[in-house]
K.L.:
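Shown below is the structure under consideration.
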Amino acid sequence: MKTTIKRLAALGLAGLMTAGVLAGCSNNGPSTGDAANGKVYYLNFKPEQDQAWKDLAAKYTEETGIEVKVETAAEGTYESTLTAAMDKDNAPTLFQVNGPVGLANWKDYCMDLTGSDVLGELTNDEFALKDGDATYGIAYVIETYGIIYNKTLLQKYFDSDFATVKSIDELNNFNQLKTVADEIQANKDALGVKGAFTSAGMDGSSDWRFKTHLANMPIYYEYKADGISTTDAIKGTYLDNYKKIWDLYITDSTCAPTDLASKTGTDAETEFIDGDAVFFQNGTWEYGTLTEGGLTDDDLGMLPIYIGVEGEEEQGLCTGSENYWCVNNEASADDKAATLAFINWCVTSETGTAALADDMGFVIPFKNAKEATNQLVKCDTEMVEAGKTPVTWNFTTMPSEDWKNGVGTALTQYAAGKGEWDAVVSAFVDGWATEYAKANG
């Protein structure tokens, strides 16, 4: 985990960069209230950690007597849930934004965390979301995503007579990935699977994997080629590569492309856990669900998302954060103090850090972090130590949720045969310029 944190600090991740355009947030500094008289209401972003957060909150209440309520937004509904919750009398005291773009939407509710104990626990100020000298968000988890694979099933393919690729070391670029996936799909009955990839569901519980996480790949390579970290007008230089990987996902799959509009995140999880597919695009946050479903560390590996870019053999996994804690500036002084005390306890106490590492599988950027037991995190560490270059999270620079939805709709229609790829390109490029202008007009 220390390797991961050091590497991230050196990268200067786009999603972790300080934001110099976020003027207007209130600057009240650390709360002067009495935590003992306050309470905490956390609106959690991550459904897969819902119960773990509730268990940790209960332990904190038992230890301190301070009430901590955890509510979790359904997959893909965080912004709408937060908007509705902030309109209520008892609004969340702790919520999250996904980076500079998200913070701009919620700046009036963000307390300046400068001088707080929890801010002082960060290993590097790259993990603080700032406006000038003020800090309005703190990244609380560093995560990694890629193509999770079932080692047992993949080895069965490697050992088969029809396999062109014979080891995981050879599977290091898009052409090799396509060869493997095509051969698995063609011989799925012999391998006992329904497809090479789990269903690329475009239901709201799953579409973020493709309109956001997969869309990060062409953005990352364009930013890298142009030497930038954000833009008001994406060019779409690598959208042909985006098409290559999307075509592979929807063709070498457990279901027909026409079925993807209604396929859910749970469908994909179940397919992977049941051994119906070899590959599953997702991240380290899935570890608990997969192991609870019966898979073991020996079953799990993770590949980079290869899209056919020159030199991708040296590419690593996608690592970063879109999870920044913010404290509600509209909460009472006592509730703000209680909230700051709770999150500081989460990242400093033995109970808190163990829960974050063991129960939630988090790598956290704080001084007292416990080494994660998550096998998928270990995959990332191994790639870093092997000298692979991680892919930064640049999707925090996407101009709006409407932009993502436009791309998602175009991808769905293309997969169903009801739209052309040009519509995806238009949603990506033209939609970016339109939504950026709306946000910054």
Side-chain angles (χ1 to χ4, degrees), residues 1-17 99 122-128 139-149 151 154 167-174 176-177 213-214 216-217 219-221 223-225 229 245 279-288 290-291 297-307 309-323 347 353 356-358 360-396:
M1 188 274 295
K2 291 181 179 177
T3 301
T4 304
I5 297 300
K6 288 180 180 177
R7 179 247 306 172
L8 285 168
L11 280 174
L13 294 174
L16 299 176
M17 289 175 17
L122 282 176
T123 55
N124 192 291
D125 64 6
E126 290 287 344
F127 303 111
Y140 65 89
V141 57
I142 307 302
E143 296 177 302
T144 296
Y145 69 91
I147 299 174
I148 303 172
Y149 63 90
K151 287 183 179 180
L154 189 56
S167 76
I168 193 66
D169 293 335
E170 297 177 44
L171 213 175
N172 61 356
N173 58 50
F174 177 80
Q176 294 291 78
L177 177 62
H213 283 187
L214 188 61
N216 183 74
M217 297 305 301
I219 297 170
Y220 164 75
Y221 275 109
Y223 282 7
K224 184 178 180 181
S229 58
I245 188 66
F279 301 115
F280 176 32
Q281 186 199 298
N282 223 309
T284 50
W285 52 86
E286 275 293 313
Y287 177 71
L290 298 181
T291 53
D297 286 357
D298 290 338
D299 295 320
L300 298 174
M302 194 187 294
L303 286 169
I305 300 175
Y306 297 119
I307 64 172
V309 176
E310 184 178 355
E312 66 183 355
E313 290 82 2
E314 297 307 311
Q315 176 190 307
L317 300 170
C318 304
T319 302
S321 183
E322 63 166 347
N323 301 282
V347 303
T353 54
L356 294 174
D358 300 335
M360 303 184 202
F362 286 173
V363 173
I364 61 173
F366 299 96
K367 296 172 184 176
N368 289 329
K370 181 180 178 182
E371 192 79 23
T373 55
N374 187 322
Q375 173 61 22
L376 300 177
V377 171
K378 294 178 182 178
C379 293
D380 178 54
T381 300
E382 290 171 3
M383 287 197 179
V384 171
E385 292 175 347
K388 303 299 182 182
T389 302
V391 172
T392 55
W393 284 21
N394 300 284
F395 55 80
T396 56

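Note that these values count all heavy atoms, side chains included, but never hydrogens, waters or copies made by symmetry.
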K.L.:
Which residue is it: T319, N323, T284, N374? I am looking for the one with a side chain to side chain donor-acceptor pair (under 3.5 Å) to E143.
P.N.:
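Going through the options one by one, the only one that passes is N323.
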K.L.:
Mind checking whether F362 and Y140 have side chains closer than 4.5 Å, heavy atoms only?
P.N.:
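SC-SC contact between F362 and Y140 confirmed.
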K.L.:
Would you name the heavy atoms of L214 and Q281 that are closest together and state the gap between them?
P.N.:
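Smallest interatomic distance, heavy atoms only, reads CD1-OE1, 3.5 Å.
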K.L.:
Please round to the nearest 0.5 Å and tell me the distance separating atom CD of Q176 and atom CG of L303.
P.N.:
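Atom-to-atom, Q176:CD and L303:CG are 11.5 Å apart.
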K.L.:
Would you say N216's side chain and T392's backbone share a donor-acceptor pair under 3.5 angstrom?
P.N.:
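Yes; judged by distance alone, with no hydrogens or angles, the pair exists.
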K.L.:
Identify the heavy atoms of G146 and L317 that sit nearest to each other, and give their distance.
P.N.:
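Shortest heavy-atom separation between G146 and L317 comes out as CA-CD2, 4.3 Å.
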K.L.:
Please round to the nearest 0.5 Å and tell me the distance separating atom CG of N282 and atom OG1 of T144.
P.N.:
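Those atoms lie 12.0 Å apart.
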K.L.:
With distance as the sole criterion, is a donor-acceptor pair present between the side chains of E313 and N173 under 3.5 Å?
P.N.:
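A pair is found: one side chain offers a donor N or O, the other an acceptor, under 3.5 Å apart.
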K.L.:
Taking T353 for the side chain and A369 for the main chain, is one N or O donor matched with an acceptor at less than 3.5 Å?
P.N.:
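The answer is no, because no donor-acceptor pair under 3.5 Å joins these two groups.
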K.L.:
Working to the nearest 0.5 Å, report the span between OH of Y306 and CG of L177.
P.N.:
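One finds 8.5 Å between OH of Y306 and CG of L177.
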K.L.:
Is it true that the side chains of Q315 and Y220 contain a donor and an acceptor less than 3.5 Å apart?
P.N.:
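Not at all, the side chains of Q315 and Y220 share no donor-acceptor pair under 3.5 Å.
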K.L.:
Ignoring hydrogens, what is the shortest heavy-atom contact between G301 and C379? Give both atom names and the distance.
P.N.:
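Closest pair (atom of G301, atom of C379, distance): CA-SG, 3.9 Å.
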K.L.:
Keeping E312 on the side-chain end and I307 on the backbone end, is there a donor-acceptor pair under 3.5 Å?
P.N.:
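Confirmed, E312 side chain pairs with I307 backbone.
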K.L.:
Before you tell me yes or no, could you show the steps for I148 and M302 under side chain to side chain contact (heavy atoms under 4.5 Å, CB included), namely the whole-Å CA-CA distance, both residues' side-chain angles and the distance that decides it to 0.1 Å?
P.N.:
CA-CA 4 Å; I148 303 172; M302 194 187 294; 4.0 Å; yes
K.L.:
Taking the side chain as C-beta and beyond, is there a heavy-atom pair between L376 and W285 under 4.5 Å?
P.N.:
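Contact flag for L376/W285 side chains = no.
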K.L.:
Shortest non-hydrogen contact from M383 to P304?
P.N.:
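So the two residues come closest at CE-CD, 3.5 Å.
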K.L.:
Compare all side-chain heavy atoms of E126 with those of P365 and state whether any distance is below 4.5 angstrom.
P.N.:
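Answer no - side chains too far apart.
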K.L.:
Check the side chains of S167 and D169 for a donor-acceptor pair under 3.5 angstrom, ignoring hydrogens and angles.
P.N.:
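No donor-acceptor contact under 3.5 Å links the two side chains.
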K.L.:
Just to verify, what does K378 make a salt bridge (Lys or Arg N to Asp or Glu O under 4.0 Å) with, not counting sequence neighbours?
P.N.:
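For K378, no residue satisfies salt bridge (Lys or Arg N to Asp or Glu O under 4.0 Å) once neighbours in sequence are set aside.
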K.L.:
Could you give me the CA-CA distance, side-chain angles and deciding distance for V363 and D380, then say whether side chain to side chain contact (heavy atoms under 4.5 Å, CB included) is met?
P.N.:
CA-CA 11 Å; V363 173; D380 178 54; over 6 Å; no
K.L.:
Is there a donor-acceptor pair under 3.5 Å between the side chain of E286 and the backbone N or O of Y145?
P.N.:
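Flag not set: sc E286 to bb Y145 has no pair under 3.5 Å.
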K.L.:
So F279 and L154, side chain to side chain contact (heavy atoms under 4.5 Å, CB included) or not? Walk me through it.
P.N.:
CA-CA 9 Å; F279 301 115; L154 189 56; 4.0 Å; yes
K.L.:
Using the side chain to side chain contact (heavy atoms under 4.5 Å, CB included) rule, take Y149 and I168 through it: C-alpha gap first, then chi angles, then the decisive distance, then the call.
P.N.:
CA-CA 11 Å; Y149 63 90; I168 193 66; 3.6 Å; yes
K.L.:
Could you give the distance from OG (S321) to CD1 (I364), rounded to the nearest 0.5 Å?
P.N.:
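Rounded to the nearest 0.5 Å, the OG-CD1 separation comes out at 12.0 Å.
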K.L.:
Identify, with sequence neighbours excluded, every residue that meets salt bridge (Lys or Arg N to Asp or Glu O under 4.0 Å) alongside D297.
P.N.:
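Salt bridge (Lys or Arg N to Asp or Glu O under 4.0 Å) check on D297 returns nothing, list empty.
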K.L.:
Report yes if some heavy atom in the side chain of I147 is under 4.5 Å from a heavy atom in the side chain of F280; otherwise report no.
P.N.:
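Answer no - side chains too far apart.
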K.L.:
Tell me, do L300 and Y287 make a side-chain contact under 4.5 Å, heavy atoms counted?
P.N.:
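Yes, side chains in contact.
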K.L.:
May I ask you to decide if V347's main-chain N or O and K367's side chain share a donor-acceptor pair within less than 3.5 Å?
P.N.:
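A pair under 3.5 Å: no.
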K.L.:
On the 0 to 90° scale, with breaks at 30° and 60°, tag the H213-F395 ring pair as parallel, tilted or perpendicular.
P.N.:
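It falls in the tilted class, 30° to 60°.
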